[in-house]
Amino acid sequence: MLNVFLATFALFLLAFLGMSLGYIIKRKSIQGSCGGLSSIGVEKVCDCPEPCDARKKRMAREEARKKMLEKNRII
């Protein structure tokens, strides 16, 4: 029983290590395969006509981070 547990734990550890190396090397976050709500034409989750100030700040930070990563990309 302990051997099965240790083998399973080692397998999961290798899987997490592989995913983390992929993130570290490519600097790309994990994404879903189906595209989410944007695949059916929904641009945002909430029904607000105008995003709130906190959302605008977060979107600006994300855009600045994207530009910085593109500018400083090695490959």
Side-chain angles (χ1 to χ4, degrees):
M1 183 74 171
L2 184 61
N3 289 337
V4 173
F5 173 76
L6 291 176
T8 305
F9 183 74
L11 185 66
F12 275 99
L13 192 62
L14 283 172
F16 283 117
L17 179 66
M19 287 189 292
S20 65
L21 283 176
Y23 174 75
I24 291 170
I25 291 171
K26 291 186 178 183
R27 295 279 189 215
K28 188 175 181 182
S29 61
I30 298 173
Q31 298 176 349
S33 60
C34 65
L37 291 175
S38 63
S39 66
I40 59 172
V42 177
E43 293 299 321
K44 56 184 180 176
V45 179
C46 67
D47 292 334
C48 305
E50 183 72 24
C52 63
D53 292 336
R55 174 86 173 151
K56 287 179 184 177
K57 286 179 187 177
R58 187 169 53 238
M59 288 169 41
R61 276 196 315 261
E62 290 171 2
E63 189 63 33
R65 183 176 184 273
K66 255 190 225 179
K67 286 180 183 178
M68 188 265 310
L69 287 176
E70 280 295 318
K71 179 182 175 186
N72 296 326
R73 197 168 83 179
I74 295 173
I75 296 176

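In this text the structure is predicted, and so the values were computed from the model without any measurement.
Take Leu17 and apply the side chain to side chain contact (heavy atoms under 4.5 Å, CB included) test, not counting sequence neighbours, and it matches Ser20, Leu21.
Using a 4.0 Å cut-off between charged nitrogen and carboxylate oxygen, Arg73 and Glu70 count as a salt-bridge pair.
Heavy-atom contacts from other residues, nucleotides or ligands closer than 6.0 Å to NZ of Lys56 number more than 12.
Lys67 places a side-chain heavy atom less than 4.5 Å from the side chain of Glu63.
In this structure, Asn3 CG and Thr8 OG1 are separated by 10.5 Å, a value rounded to the nearest 0.5 Å. To the nearest 0.5 Å, atom CZ of residue Arg61 and atom CE of residue Met68 are 13.0 Å apart.
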